[in-house]
Structure formats: C-alpha cells, structure tokens
Amino acid sequence: MDLRIREKRYVLIGGTAGIGAATAAALAQDGASMVLVGRDLTRAQAAARAASEAGATKAFGIGHDASAPGGARAAIDAAVELLGGIDGLAVTMGTEGMVPVESTDDVWTSAFRDVLLATTRSVEASLPHLTQSRGTIVTTAAYSIRSPEIARLPYASLKAGVAVFTKGIAKTYGKHGIRANCVCPGAVETAPLAALRIQLAEQRGYPVETALERVMVEEWDFDAALGRPGKPEEVGELIAFLLSPRAGYLTGSLINIDGGTNF
C-alpha cells in the first residue's frame, strides 16, 4: 500500500533504534522526509543514513534529549528548520520506570521525565507547526496500562498518562485537522530481547530461533495468542500508517499491538 507520504515531513523522537528506527524505515520506503532525534548524535546520524538508503527523500539525524529541560523544543525547532515545516510527529522513546513502586523519588522523577514529560513537551512544541499543516501525532504507551503489574508500576502508570494526554490532544485539536493516536505495544523484540534470546539459547541449550519464546511461555507465563514477541517492524508499520493520510478518519484511538496479550 502506498501511504501517500512522499511529500510529507516527519519528526521521530526516539527514532534512532528499535520501534523508532523501524518506523523510520517504513516511512522511508514510501519516500517521506524525516528528522530522527536521539540522545546519541552518532547513532542518530547512522539511523538517518539507513533511512536514506531505504528510500527517504530527506533524512537527518540530530542529537537532543527530549526528556531534558528544553530538549524537546530544541529538537522540534531544529527539525522544522531542516525540513521547512513538519507534517507529523511520532514519539517512541520512554522506557524507564521498569522498577517497583517502592523506588526512590529520584527514580520516579527520572522515569517521569523519560516516559511522560518527553512526550508531552515534544507534542506541545510541535502543535503550532502541525496546526499549519493539519498534521498527525502518534505516541507510544504500553499494553500493560490495561493490566499493570506491581513490579513495573511506575512505567505503566506513566504510560497511562501518555494515553490520556494523547486522547486529550485529539479531542482538543481535531478542529484544526490534527489527528493524534496512541499505540500500545506488547513485548517487542528490540535489542535487549534479541540479546536475551541468544543468552537463553546458550544457557538452556535451546535453538536460538525458539529459545525466547519457550522461556517466555514456559517460565514467565507469557499469555499472548500468537505465543511470541512482536517485531519492531510490525509496530513501525502501524505507526507509519497512523501518521499517513491513509488513516484519515482515525484519531483519539488507543491501539493495542500485543499479539493478543490477555488483559
């Protein structure tokens, strides 16, 4: 399916690895232009080169920390200057908070900045530009906001805030033609899980291609209909669709992509 995005310009906060990089690849295949934002400038530039090779009309990598004071606005301002405006924003960062509720105030505060504030500030900085272009927003929460576990309660609580925030943006800015949706991934085999797959294969003597799935189901009681973790590209393709004109009447939605996880 042609996403009709060849003339579109996107900012991907957290677009340098994992789901963000997979989203960049999906957008690049249909010729979009993009700015990939990450804390590590070298990695951001490498991700931009990969997007260019995948077919992006223009791709830039810039180094900004959206969770730091002023970082999100600096990233959006730089992206607007590089692209001459923006038509869409995706925020795929926010992985801290996988800690117990008894964690210290400093740990909670760091998770708040990484998971929630980086998203809200990025969206806030982009809204004046997206109002002009009648643009799109995609944020990322997590399937666990529907079934929180005490071991990772800070993460789920803050991701729930992302979902509520996104719904509010959709309701408020729909009159300006802005669409905003929130994606809730389940377990996705980004770099940490991919490394764990190899480690488990070596430890248990399982074949690499099934080691992670066996441990998740047999030892961790992983309850998903498909019985496997997702792939970054499966989530990236969904985000790219939501950013595109193809999803023209879809806004304010909370979309699980979790392989049928029970909740």
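Given the structure is predicted, the values throughout are model-derived calculations rather than measurements.
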Mind checking the [atom1]-[atom2] spacing from [X] to [Y]? Nearest 0.5 Å is all I need.
{"X": "Ser33", "Y": "Arg6", "atom1": "OG", "atom2": "CZ", "answer": "9.0 Å"}
{"X": "His129", "Y": "Thr131", "atom1": "NE2", "atom2": "OG1", "answer": "9.5 Å"}
{"X": "Arg39", "Y": "Thr16", "atom1": "CZ", "atom2": "OG1", "answer": "9.5 Å"}
{"X": "Ile62", "Y": "Glu81", "atom1": "CD1", "atom2": "CD", "answer": "10.0 Å"}
{"X": "Arg113", "Y": "Thr109", "atom1": "CZ", "atom2": "OG1", "answer": "9.0 Å"}
{"X": "Arg9", "Y": "Asp87", "atom1": "CZ", "atom2": "CG", "answer": "4.0 Å"}

Going by heavy atoms in the side chains, are [X] and [Y] under 4.5 Å from each other?
{"X": "Val162", "Y": "Thr140", "answer": "no"}
{"X": "Ile5", "Y": "Pro245", "answer": "yes"}
{"X": "Met98", "Y": "Pro154", "answer": "no"}
{"X": "Tyr155", "Y": "Val99", "answer": "no"}
{"X": "Cys182", "Y": "Val138", "answer": "no"}
{"X": "Asp114", "Y": "Met93", "answer": "yes"}
{"X": "Leu254", "Y": "Asn181", "answer": "no"}
{"X": "Leu12", "Y": "Thr92", "answer": "no"}

Identified side-chain contact (heavy atoms from CB on, under 4.5 Å) counterpart of Ile137 within the set Thr119, Thr251, Leu127: Leu127
Checking the side chain of [X] only, and the main-chain atoms of [Y] only, is there a donor and an acceptor separated by less than 3.5 Å?
{"X": "Arg43", "Y": "Ala17", "answer": "no"}
{"X": "Ser110", "Y": "Val107", "answer": "no"}
{"X": "Thr120", "Y": "Leu117", "answer": "yes"}
{"X": "Arg228", "Y": "Gly259", "answer": "no"}
{"X": "Arg197", "Y": "Glu209", "answer": "yes"}

With sequence neighbours excluded, residues passing side chain to side chain donor-acceptor pair (under 3.5 Å) with Asp223: Asn262
Glu237: side chain to side chain donor-acceptor pair (under 3.5 Å) partners, not counting sequence neighbours: none
Residues Lys231 and Glu189 bridged, charged N to O under 4.0 Å: no
Salt bridge (Lys or Arg N to Asp or Glu O under 4.0 Å) between Arg146 and Asp258, worked out: CA-CA 12 Å; Arg146 302 176 187 266; Asp258 61 9; over 6 Å; no
With sequence neighbours excluded, residues passing salt bridge (Lys or Arg N to Asp or Glu O under 4.0 Å) with [X]:
{"X": "Glu124", "value": "Arg121"}
{"X": "Glu219", "value": "Arg204"}
{"X": "Asp30", "value": "none"}
{"X": "Arg152", "value": "Glu149"}

Looking only at heavy atoms, which two atoms of [X] and [Y] are closest? And how far apart?
{"X": "Ala59", "Y": "Ala56", "value": "CB-CB, 4.1 Å"}
{"X": "Ile239", "Y": "Ala90", "value": "CG2-CB, 4.1 Å"}
{"X": "Gly61", "Y": "Ala48", "value": "N-CB, 3.4 Å"}
{"X": "Tyr10", "Y": "Thr136", "value": "CE2-OG1, 4.2 Å"}
{"X": "Glu213", "Y": "Pro229", "value": "OE2-CD, 3.6 Å"}
{"X": "Ala78", "Y": "His64", "value": "CB-NE2, 4.2 Å"}

Joint cluster assignment, Ile257 & Leu243, ILVMFWY side-chain distance < 4.5 Å: yes
Path from Leu226 to Met216 over hydrophobic side-chain contacts below 4.5 Å: no
Within 6.0 angstrom of Glu218 CD, more than 12 heavy atoms from elsewhere: yes
Test side-chain contact (heavy atoms from CB on, under 4.5 Å) applied to [X] - qualifying residues, sequence neighbours left out:
{"X": "Arg246", "result": "Met1, Asp2, Leu3, Arg4, Phe241, Ser244"}
{"X": "Gln29", "result": "none"}
{"X": "Ser157", "result": "Leu153"}
{"X": "Leu196", "result": "Leu193, Gln199, Leu200, Leu212, Trp220"}

Pairs flagged by salt bridge (Lys or Arg N to Asp or Glu O under 4.0 Å) wherever residues 48-57 is involved - sequence neighbours left out: none
Qualifying side chain to side chain donor-acceptor pair (under 3.5 Å) pairs with a residue from residues 163-175, counting only residues at least two apart or across chains: Thr139-Thr166
Audit row: Glu96, Lys159, salt bridge (Lys or Arg N to Asp or Glu O under 4.0 Å) steps and yes/no: CA-CA 10 Å; Glu96 292 190 28; Lys159 284 296 191 182; over 6 Å; no
Polar side chain donor-acceptor pair, Asp65 to Ser67, under 3.5 angstrom: yes
Stepwise side chain to side chain contact (heavy atoms under 4.5 Å, CB included) check, Leu89 with Ile76: CA-CA 9 Å; Leu89 167 74; Ile76 297 300; 4.1 Å; yes
